[in-house]
Structures are given as C-alpha cells and as structure tokens.
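Comments concern the structure below.
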Amino acid sequence: MTALLAAPAAKLAIGAATKLAGGIADAISSAQNSKAKKTADDFETVFLENFTQTMMSSSGTEGPLGENGTGGDVWRSMLTQEYAKQIQKSGGVGLSDQIMRDLIQVQASAGKASGAGNA
C-alpha cells in the first residue's frame, strides 16, 4: 500500500472504530437505563404497598376480608400488593422517575470515578 492510500484508509478505519464504540456505549447505556427504570419502579411499588397496607389496617373489626383471622391477613396482604402494582402501573406517585434520575446520576459518577482511577 502506498503512503498516498494509507492516510485515507487509516481515517476510514478510525471513523468506523469510533462509530462502533459509540454504538456499544449507547447499548450499554440503554441497558443500564432500563435496569435503573425497573429498580425504580420496583421501589415505588414496595413503597406503595407499605402505604396501602398501613391505610388498610383495621382496628380488629370484622369486614369483607374477615380481618379477625389469619386468612383475612393473607387476603389483605395480597390485595395491598395488587393495589400497589396497579397504582404504579397507572403512573404511580412520581417517586419512580426521581429515583431513576438519581440512580443514573450515581451510575454516571461511579463510571467517571472508576475511569479517573484507571487513567
């Protein structure tokens, strides 16, 4: 290969490598974002479950779920789980979005810190 052709070939190879690296970084970032979103949604669901469980706790009176027995406690627990899931699926209370933003910021700062340590 002549020197005249080597420079354009090198530029082409560097450009292709840069695009490939950018695509890989985008794929990793997308996977991290989806994992952060799932974690944030799960946390909001647990928060809502605890909230609805507290809200539905009774003072020992008999109700439609038979709250005076073990069966009533089990059914009430399952009901509060489903309420929490449905509330979260329908938009939640906005907690999930803030948690996701914070998780992404923590991941970005951890990535910068590990990158600075390797340099």
Side-chain angles (χ1 to χ4, degrees):
M1 179 181 285
T2 65
L4 202 65
L5 294 176
K11 283 185 182 180
L12 184 62
I14 290 171
T18 303
K19 286 183 183 179
L20 178 64
I24 291 171
D26 289 344
I28 290 171
S29 177
S30 176
Q32 286 176 339
N33 287 346
S34 65
K35 187 174 181 181
K37 176 69 174 154
K38 180 169 177 8
T39 302
D41 288 347
D42 290 346
F43 182 85
E44 185 174 28
T45 301
V46 169
F47 172 79
L48 289 168
E49 183 179 342
N50 286 332
F51 179 76
T52 54
Q53 194 170 32
T54 302
M55 191 172 70
M56 291 184 68
S57 66
S58 66
S59 60
T61 60
E62 187 70 31
L65 300 176
E67 285 112 4
N68 287 336
T70 304
D73 291 339
V74 172
W75 285 106
R76 188 177 335 112
S77 172
M78 291 169 55
L79 184 62
T80 58
Q81 283 178 344
E82 289 305 312
Y83 280 165
K85 288 177 187 175
Q86 292 304 314
I87 292 170
Q88 199 286 320
K89 283 181 184 176
S90 67
V93 292
L95 190 61
S96 176
D97 296 333
Q98 182 61 42
I99 291 170
M100 189 177 96
R101 283 192 295 270
D102 290 345
L103 285 173
I104 290 171
Q105 286 178 349
V106 167
Q107 288 175 350
S109 64
K112 288 178 185 177
S114 68
N118 292 335

> With sequence neighbours left out, what residues match Leu103 under side chain to side chain contact (heavy atoms under 4.5 Å, CB included)?
Replying inline: Ala36, Thr39, Ile99

> Does Asp42 have any side chain to side chain contact (heavy atoms under 4.5 Å, CB included) partners at least two apart in sequence or in another chain, and if so, which?
Replying inline: Lys38

My understanding is that only residues two or more places apart in sequence, or in another chain, count here; which of them pass side chain to side chain donor-acceptor pair (under 3.5 Å) with [X]?
| X | answer |
| --- | --- |
| Gln88 | Asp41, Glu44 |
| Thr80 | none |
| Gln98 | Arg101, Asp102 |

> Between atom CD of Gln53 and atom CD of Gln81, what is the distance when rounded to the nearest 0.5 Å?
Replying inline: 8.5 Å

> Taking atom NZ of Lys35 and atom CE of Met100, what is their separation to the nearest 0.5 Å?
Replying inline: 15.0 Å

>> Running the 4.5 Å side-chain criterion over Ile, Leu, Val, Met, Phe, Trp and Tyr, what cluster does Phe51 land in, apart from itself?
In response: Met55

>> Please give me the minimum heavy-atom distance between Ser96 and Ala40, naming the atom from each residue.
In response: O-CB, 3.3 Å

>> According to a hydrophobic-cluster definition based on side-chain heavy atoms being under 4.5 Å apart (Ile, Leu, Val, Met, Phe, Trp, Tyr only), do Leu95 and Ile87 belong together?
In response: yes

>> side-chain contact (heavy atoms from CB on, under 4.5 Å) for Asp97 and Lys37? Distances and angles first, verdict last.
In response: CA-CA 8 Å; Asp97 296 333; Lys37 176 69 174 154; 3.9 Å; yes

